[in-house]
Each structure stands twice: as structure tokens, then as C-alpha cells.
Amino acid sequence: MLLSFKDAAVEPLWSHLDLAVNSGEFIAVLGPNGVGKSTLLGTILGTRKLTAGSVDVNCRVGYIPQQRMFPAELPLRARDLVSLSLAHGTLRNRRPSRGKVDELLAEVGATGIADRRVGQLSGGQQQLIRQAQALANSPQLLLADEPLLSLDPARQEDTVQKLDKWRRERGTSIIFVTHSINPVLDFISNVLYIAPFGHLYGTVDEVMRSEVLSGLYGSKVNVIKVDGRLIVV
Ligand SMILES: Nc1ncnc2c1ncn2[C@@H]1O[C@H](COP(=O)(O)OP(=O)(O)OP(=O)(O)O)[C@@H](O)[C@H]1O
């Protein structure tokens, strides 16, 4: 098992969380603003403390943080940042090969921007560089905090497919925080839905139901399926 939460809580956000993540799983974390989705990732990374229960992390973790712009004047190219992430944890003065950097940039579809300064890239382009950085240490568990935010629909689809390919080829698990389930609907094994009146973990069919979400929100919620897409009203 890569990760487990036992009766875990970060009060007052969420509590009594039991969750076990095994190799190769693709889990979506959904819920409204401010319920503690990023906080959940923080407890796995060790940057946020649980107020009760325990979390056990038994693997290498990669992290794609929520959108933040690199400073405009940062004097580093995209390839330099990926190279630094690859060098992390290796012996001093041992620079990662250019081939490995190029491979990672190609993996996320960022070959064309490898030599551009990161601070001058668009939000979506910077997001691709963050993905390459997160994959640099060959994580067994990848935490992605709203990685589709500044991407156009084609890029969103491309990103989800690339991450899923990475998962299938390497057995990496993915915990994917998102406001919209549709871009990942065809790929996820399970959903953790966190809402003001509780959380539920299960398959899409178990969680994405009107009566279940109404209970979690404490008010009437309708889940409608239109053309294979889920709409929560
Ligand atoms: N380091 C911190 N210490 C204390 N409280 C924090 C910290 N970081 C965030 N919070 C608070 O915890 C709550 C949950 O924040 P979090 O970012 O986890 O929510 P979220 O579900 O990811 O929201 P969003 O969908 O808006 O990104 C918010 O009220 C936030 O202000």
C-alpha cells in the first residue's frame, strides 16, 4: 500500500477519513472551494498536520502545485528548472543528462518551450513545466492540485491522457484535485468527494448520485448525465 489515512482529521475541515491507496490507482478529489482538498494533499506532503488520526506514506511522492506564476524576471529556462528537479537528491556536481531533461519535457508536451525563460511563459505553459518537475523523481504517487486550471480544453484532454499513460506504464498512482470531474471521468478508478457535511470515497457510480451529494451538501443537489458528462446542479 502506498498511502493510508486512518480516522484522520484536519478539524474543522474534514474528519474520520479512512483511505487506502494502492499502486496504479487514479483518484479524483472533488468538492467546493475551501473544504480542504489542498489541505488533504498537504497532509500527505507533511506540510499540514492532522488534528486526529494518522497518515502513512510509504512511497516517493511527486507534486504538481496549484497554479502559481513563476516570477517574471526569474533567470531560468524551462529546461533549467526540470534539470534542477532531476538533480535533486543526486550527488553534488552530477548534472542530469540533456537527454533525460528533453525526455521529460516531451512527456508533458513542452518540447517547444524548453529554451524559453519560465517567467515569460503563459500560465498554461508554466503548468506543463510544473508537471515535468513533478515527474522528475519518478514518483510512485503523484499529487496534482487542479493541474488543468489554465489549460484550454484540448490541452486539458492531452494532459489527462499523458498523466494516465504515465500511470499505466509505471504503475504510478495519481491523486487529482479538480473542480470538474468530466476531463478525468473516463480515467479515474475512484472519487473522494469532500463537502461541508462530510465526505465519501467510492466509485463514480457510488459517489456521483443526487441523493449522496444532497447528503454531503446538506441541501438538494441534482447530478445529471448529459452526453456522457456529469453535471452537478
Ligand atoms: N496553512 C494553512 N493554515 C491554516 N489554514 C489554512 C492553511 N491553508 C489553507 N487554510 C485554510 O483551510 C481551508 C481549506 O483550504 P484548502 O486550500 O485546503 O481548500 P480547497 O478545498 O483546496 O479549496 P479550493 O477549491 O478553493 O482550492 C481554507 O479556509 C483555507 O483558508
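Whatever order the structure lists them in is the order used to number ligands and atoms, beginning at 1. Nothing fancy with the numbering, it's 1 onward along the sequence.
- The distance from atom CG of L141 to atom CG of L3, rounded to the nearest 0.5 Å, is 6.0 Å.
- Side chains of R130 and Q127: a donor on one and an acceptor on the other come within 3.5 Å.
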- Audit row: R48, T43, side chain to side chain donor-acceptor pair (under 3.5 Å) steps and yes/no: CA-CA 5 Å; R48 292 295 300 273; T43 62; over 6 Å; no

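- Note that atom 30 (C) of ligand 1 has no protein non-hydrogen atoms nearby, at separations under 4.0 angstrom.
- Proximity annotation for atom 17 (O) of ligand 1: of G42, P12, S38, S38 comes nearest, heavy atoms only.
- For atom 11 (C) of ligand 1, the nearest protein heavy atom is 4.0 Å or more away.
- Nearest protein neighbour of atom 8 (N) of ligand 1, counting heavy atoms only, is R48 NH1, 3.2 Å.
- The distance from atom CD of Q131 to atom CD of Q133, rounded to the nearest 0.5 Å, is 10.5 Å.
- Counting only distance, with no hydrogens or angles, the side chain of R167 and the backbone of T172 share no donor-acceptor pair below 3.5 Å.
- In terms of protein heavy-atom proximity, atom 24 (P) of ligand 1 is closest to N33 ND2, 3.6 Å.
- Checked for salt-bridge contact, D115 and R79 meet the test: a charged N lies under 4.0 Å from a carboxylate O.
- Q66 NE2, 3.2 Å is the protein heavy atom nearest to atom 27 (O) of ligand 1.
- Taking only nitrogen or oxygen atoms, main chain and side chain alike, G34 reaches within less than 3.5 Å of ligand 1.
- With ligand atoms numbered from 1 in the order given, ligand 1 contributes 12 (O), 13 (C), 14 (C) to contacts under 4.0 Å with heavy atoms of L13.
- Two rings, from F197 and Y217, have their centers 6.0 Å or more apart.
- Residue contact check: T39 has heavy atoms under 4.0 Å from atoms 14 (C), 15 (O), 16 (P), 18 (O) of ligand 1.
- Close approach of ligand 1 to E146 is summarised as follows: ligand atoms under 4.0 Å from at least one heavy atom of the residue are 25 (O), 27 (O).
- Heavy-atom contacts of H179 reach the following atoms of ligand 1: 25 (O) (cutoff under 4.0 Å).
- Under a hydrophobic-cluster definition in which Ile, Leu, Val, Met, Phe, Trp and Tyr are linked whenever side-chain heavy atoms come within less than 4.5 Å, directly or via other members, L230 and Y201 are assigned to different clusters.
- Backbone and side-chain nitrogen or oxygen atoms of G31 are examined, and none is located within less than 3.5 angstrom of a nitrogen or oxygen of ligand 1.
- Close contacts between ligand 1 and K37 involve ligand atoms 18 (O), 19 (O), 20 (P), 21 (O), 22 (O), 23 (O), 24 (P), 25 (O) [criterion: under 4.0 Å to a heavy atom].
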